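These notes concern the structure reproduced below.
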Amino acid sequence: MKEIVLATKNLDKIKEMREVFKDMPLRVLTFHDFPCMEEIEESGNTLEENALIKAEAWARFTNKWALSDDTGLEVEYLGGRPGVFSSRFAGIGATYEDNWRKLLKLMEGVVWEKRKAKFRCVVAIVSPQGEKLIVEGVTEGYITCEPRGSEGFGYDPVFYVPEKGKTFGEMSIEEKEEISHRGKALRIAKEILNKKLEGKGNVKNERV
Ligand code: ITT
């Protein structure tokens with residue numbers, strides 16, 4: 001295993017993934033290296049199903065190890081929505097801003113204690129031979145009443161992390177990666193992959 005392909009077309013995710021893997025002895029490939037890769041329908045009912053659908057499709061198509069990420073924002077007051085539908089919350093083709101504006105509208109007048117939310121990120125790594133690894137990372141926080149900050153992407157300007165006293169939108173990529181759902185999941189994946197690269201471990205069909 002010398003190469004891994006990032007099974008996503010989301011450039012913001014790719015930036016964060018590259019940040020975590022920058023010191024690994026691995027060549028990181030992206031959709032730019034496979035311009036003919038087809039669109040994948042995320043037809044699963046859970047983050048895990050969607051993450052596997054994406055990684056399996058990319059591993060099959062490229063014949064390389066593939067790493068995908070499916071992420072959802074779960075808002076307590078909304079019974080866990082938008083969750084697996086986070087990218088299409090305001091409809092198919094919605095922009096990041098459309099989505100967070102819809103969220104703020106639904107949360108209008110809701111007191112701070114009831115604005116708890118968590119980001120859940122499921123990362124799937126699949127080999128061309130079908131070995132699988134699933135890891136998960138979660139970050140807890142609150143939905144703000146107004147957007148703050150222009151860093152990051154998606155719901156970052158409206159997701160406040162109490163331990164940092166800022167929204168993700170106010171954090172640098174390094175700061176976000178340290179405590180974010182994606183950073184946590186990718187660091188576990190990285191540890192397992194590093195052991196494999198050193199010949200000390202294997203990616204079994206496991207979930208961490
Ligand atoms: P791929 O499927 O190609 O990876 P996507 O954007 O469709 O890209 P998801 O299905 O995981 O990715 O959608 C999750 C949505 O949740 C995404 O479009 C963003 O709006 C949001 N999101 C994901 N990660 C986020 C993060 O770290 N911070 C803020 N919002 C995030």
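We count ligands from 1, going down the list as the structure has it; atoms in each ligand are counted the same way. What you are looking at is a predicted structure, and each value in this text was computed from that prediction instead of being measured.
Where the criterion is an N or O separation shorter than 3.5 Å, residue side chain and backbone included, N99 fails it with respect to ligand 1. Where the criterion is an N or O separation shorter than 3.5 Å, residue side chain and backbone included, T71 meets it with respect to ligand 1. For ligand 1, one of its N or O atoms has an N or O atom of D156 under 3.5 Å away.
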Next on the checklist: Using side-chain hydrogen bond (donor to acceptor under 3.5 Å, both in side chains), reason through D69 and T71 one step at a time and then give a plain yes or no.
Outcome noted: CA-CA 6 Å; D69 152 333; T71 296; 2.7 Å; yes
Next on the checklist: Between E140 and K116, is the salt bridge (charged side-chain N to carboxylate O under 4.0 Å, His left out) condition met? List the steps.
Outcome noted: CA-CA 8 Å; E140 300 195 353; K116 282 198 181 117; over 6 Å; no
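Of all atoms in ligand 1, listed by their number and element, those nearer than 4.0 Å to a heavy atom of S86 are 15 (C), 16 (O). Of all atoms in ligand 1, numbered sequentially from 1 with element shown, those under 4.0 Å from a heavy atom of S87 are 13 (O), 15 (C), 18 (O). Numbered from 1 in the order shown, with element, the atoms of ligand 1 that lie under 4.0 Å from a heavy atom of D70 read 9 (P), 10 (O), 11 (O). Distances below 4.0 Å separate heavy atoms of D69 from the following atoms of ligand 1: 4 (O), 11 (O). For ligand 1, the atoms lying closer than 4.0 Å to a non-hydrogen atom of K9 are 3 (O).
Of all the listed residues (V84, V158, T8), T8 holds the heavy atom that lies closest to atom 4 (O) of ligand 1. Taking only non-hydrogen atoms, the option from K176, K54, M17, E16 nearest to atom 26 (C) of ligand 1 is K176.
At a heavy-atom distance under 4.0 Å, no atom of F168 approaches ligand 1. Only side-chain heavy atoms of Y96 come within less than 4.0 Å of ligand 1; its backbone N, CA, C and O stay farther off.
Here the heavy atom of the protein found nearest to atom 7 (O) of ligand 1 is E42 OE2, 3.7 Å. With hydrogens left out, the protein atom closest to atom 24 (N) of ligand 1 is R182 NH2, 2.8 Å, a heavy atom. Remark: minimum distance from atom 6 (O) of ligand 1 to any protein heavy atom is reached at N10 ND2, 2.9 Å. Nearest non-hydrogen protein atom to atom 12 (O) of ligand 1 is K13 NZ, 2.8 Å. Atom 22 (N) of ligand 1 has F153 CE1, 3.9 Å as its closest protein atom, hydrogens excluded (heavy atom only).
Hydrophobic clustering (ILVMFWY, side-chain heavy atoms < 4.5 Å, transitive): M17 and I179 are in distinct clusters.
Not a single donor-acceptor pair under 3.5 Å links the side chain of R81 to the backbone N or O of F89. Using a distance-only test at 3.5 Å, with no hydrogens or angles considered, no donor-acceptor pair links the side chain of N99 to the main chain of G154.
Salt bridge absent: E151 and K176 never bring a charged side-chain N and a carboxylate O closer than 4.0 Å. Taking the charged nitrogens against the carboxylate oxygens, E136 and R120 do have a contact shorter than 4.0 Å, which makes a salt bridge. Of the charged side-chain nitrogens involved, none lies within less than 4.0 Å of a carboxylate oxygen, so that K164 and E170 do not count as a salt-bridged pair.
Between P157 and W100 the shortest heavy-atom distance is CG-NE1, 3.8 Å.
Classification of the W112-Y160 ring pair by plane angle, with boundaries at 30° and 60°, yields perpendicular. The aromatic rings of H181 and F119 sit parallel, their planes meeting at an angle under 30°, below the 60° perpendicular limit.
Proximity of F119 to ligand 1 is established by a heavy-atom distance of less than 4.0 Å.
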